[in-house]
There are 2 protein chains.
Amino acid sequence: MESNANILDLNQLRRSCGSCALHELCLPAGIGRDDLVRLDSAVRDRRALDQGSMLYRDGDGLQALYVVRSGSLKSFVLNEAGEVQILGFHLPGEIVGFDALATDRHVSHAEALEASSICELPYARLQQVAIEVPALHRQLMRVISREMVEEHRHTVMMGRQQAQEQLAIFLKNLTDRYQRYQRLQRDAITLTLPMSRYDIAKYLGLVVETVSRLFSRMKEMGVLEVDRKSVRILRPDLLADLCRSSSVSTSKRRGTG
Amino acid sequence: MESNANILDLNQLRRSCGSCALHELCLPAGIGRDDLVRLDSAVRDRRALDQGSMLYRDGDGLQALYVVRSGSLKSFVLNEAGEVQILGFHLPGEIVGFDALATDRHVSHAEALEASSICELPYARLQQVAIEVPALHRQLMRVISREMVEEHRHTVMMGRQQAQEQLAIFLKNLTDRYQRYQRLQRDAITLTLPMSRYDIAKYLGLVVETVSRLFSRMKEMGVLEVDRKSVRILRPDLLADLCRSSSVSTSKRRGTG
DNA sequence: CGCCCGCTTGAGTTAAGTCAATGACCGTGG
DNA sequence: CCACGGTCATTGACTTAACTCAAGCGGGCG
């Protein structure tokens, strides 16, 4: 019964939600086969973004929500003085653009950190389908809530007194999120950070020098192996410790120099 | 045409969304008369909360969303060490509980800062009505998005290097939100803070001593008049300046001592 | 009336910021 | 192919704003 539908149009299939690798993480999670077809009808198409290109800007009208399919984005705001605050990094399966629902205008910027591809969900159409398909409505609420919980995590991270704890939590969270869709092995993880040190700093409310020093410190402590964008987590257990309190290991700082 | 409906049942009226003073700020905004009746049917009833009582706790199942009708709440999380991070303060017209939509469990606590009253919106019923009433669906999304934008404001505030800027932004935001529903005059504002200095500190990621010192400093600068919970903003213009950059006025610190 | 809790203030410490210089990589063009 | 310039990252020396610890104040409540 399903093979029938699948053979018909390979091209269509490739872009359909039902066959997407992110199926279970994205909007379709928990939506039945028949309704998936309708959801598909709400997906305009895929869009490719080069590194550095903007998906939307502060002030842009609400056109659509966007699912990250591959690559990654950052969302951020600029204040009057041009200072950046990064609001979030967005990985495959995550949805961006919710900030515009309140006022029908975006109030932040979204930019590709690397070559990325995006599913565009025109909002008017999405809303229509959500009304027809209660399961989608529920899932949409679930996804927004997930975003909100992620915001809370960000807040908690920024509230930490010790910058080292902040960075540890950031790295932990990033590995968790990458593992979710890459099915990576649990230990001995190598991350390729799509964002710059500057971005990390502005995400955490720090300056870039502090972030750089913290990477060096964690390297020195044997927690990480760092080579530019590549971060290998040698001791996930120690990293987890650092998430809780840096105080136990600060003595290391002068120990091995 | 409307007087007719209004006289029928004063008791019912008192609790109905159509007659609520927060009408335009809360869920009913933009929903027609007929649909309002349905929304009303989704509101279980009003609940009174004493100061310090919990509306929900981390781990509680999702029962309902809650509208603050009067008074105020704080939402927060505790880490393993028992340290607090305040996620938000919630004033009349604002809705809390969205954190539970993702997993059907709350992942934060909500506590009344003062005697408060709450409209309870059982979620299953709300969802049902949202499916029947597309305008409510849209408004619900709008409200969640508003929460998300508020989270972003919180993030930006916490990202500031200068604690004085953080507190200035906090106070500015609080006056703006109080004005929204109290229709206060624009200048010469007196706030009665429902939260402790400790709460403010934990909201901003600071320690209580720093917050206390900042209040004293702003008092000394002539921006505020502070008497325990009562904060009178003498110079809204200066407060607005402090939101942008403290650097210009830090010299004041030793000037008038 | 007095205790307790929340707030303020002071003195000293420290972690993170600032400023500045150097180093490593990358893409471009000779 | 290599030299060059630019950007990003690292590191060092110094400064400073916020934290810690500690004491004292004051208002509200029993």
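Here is the naming used below: chain letters follow the sequence lines, and residue numbers restart at 1 for every chain. Quantities reported herein were computed from a predicted structural model and do not represent experimental measurements.
- With sequence neighbours left out, B:Q85 forms a side-chain hydrogen bond (donor to acceptor under 3.5 Å, both in side chains) with no residue at all.
- Evaluation of the side chain to side chain contact (heavy atoms under 4.5 Å, CB included) rule for B:A110 yields B:L55, B:Y56 as partners, not counting sequence neighbours.
- Checked against ring-ring contact (aromatic ring centres under 6.0 Å, His included), A:H154 has the following partners two or more places apart in sequence or in another chain: A:Y203.
- Evaluation of the side chain to side chain contact (heavy atoms under 4.5 Å, CB included) rule for A:S117 yields A:R46, A:R69, A:S70 as partners, not counting sequence neighbours.
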In a table with atom names and distances, give each donor-acceptor pair under 3.5 Å that connects a side chain of residues 92-102 of chain A to protein atoms at least two apart or in another chain.
| unit_1 | atom_1 | unit_2 | atom_2 | d |
| --- | --- | --- | --- | --- |
| A:E94 | OE1 | A:L91 | N | 2.9 |
| A:E94 | OE1 | A:R177 | NH2 | 3.0 |
| A:E94 | OE2 | A:R177 | NE | 3.1 |
| A:E94 | OE2 | A:R177 | NH2 | 3.4 |
| A:D99 | OD1 | A:H106 | ND1 | 3.1 |
| A:D99 | OD2 | A:V107 | N | 2.8 |
| A:D99 | OD2 | A:S108 | N | 3.2 |
| A:D99 | OD2 | A:S108 | OG | 2.9 |

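- Annotation: side chain to side chain contact (heavy atoms under 4.5 Å, CB included) contacts of B:R57 (sequence neighbours excluded): B:M54, B:D60, B:H109.
- Helical stems involving DNA chain C, defined as 3 or more consecutive Watson-Crick or G-U pairs under 3.5 Å, span C:1-30 with D:1-30.
- Looking at residues two or more places apart in sequence or on another chain, you find a side-chain hydrogen bond (donor to acceptor under 3.5 Å, both in side chains) between A:E151 and B:H152.
- Residues satisfying the side-chain hydrogen bond (donor to acceptor under 3.5 Å, both in side chains) criterion with A:R235, sequence neighbours excluded, are A:D237.
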With 3.5 Å as the limit, what N/O pairs link the protein to nucleotides 18-21 of chain C?
| unit_1 | atom_1 | unit_2 | atom_2 | d |
| --- | --- | --- | --- | --- |
| C:dT18 | O4 | A:R213 | NH2 | 2.8 |
| C:dC19 | N4 | A:E209 | OE2 | 3.1 |

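- Applying the side-chain hydrogen bond (donor to acceptor under 3.5 Å, both in side chains) rule to B:T210 yields no partners; only residues at least two apart in sequence or on another chain are considered.
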If you restrict it to nitrogen or oxygen atoms, what contacts under 3.5 Å exist between nucleotides 4-7 of chain C and the protein, and what is each distance?
| unit_1 | atom_1 | unit_2 | atom_2 | d |
| --- | --- | --- | --- | --- |
| C:dC7 | OP1 | B:R197 | N | 3.4 |
| C:dC7 | OP1 | B:K229 | NZ | 3.4 |
| C:dC7 | OP2 | B:R197 | N | 3.3 |

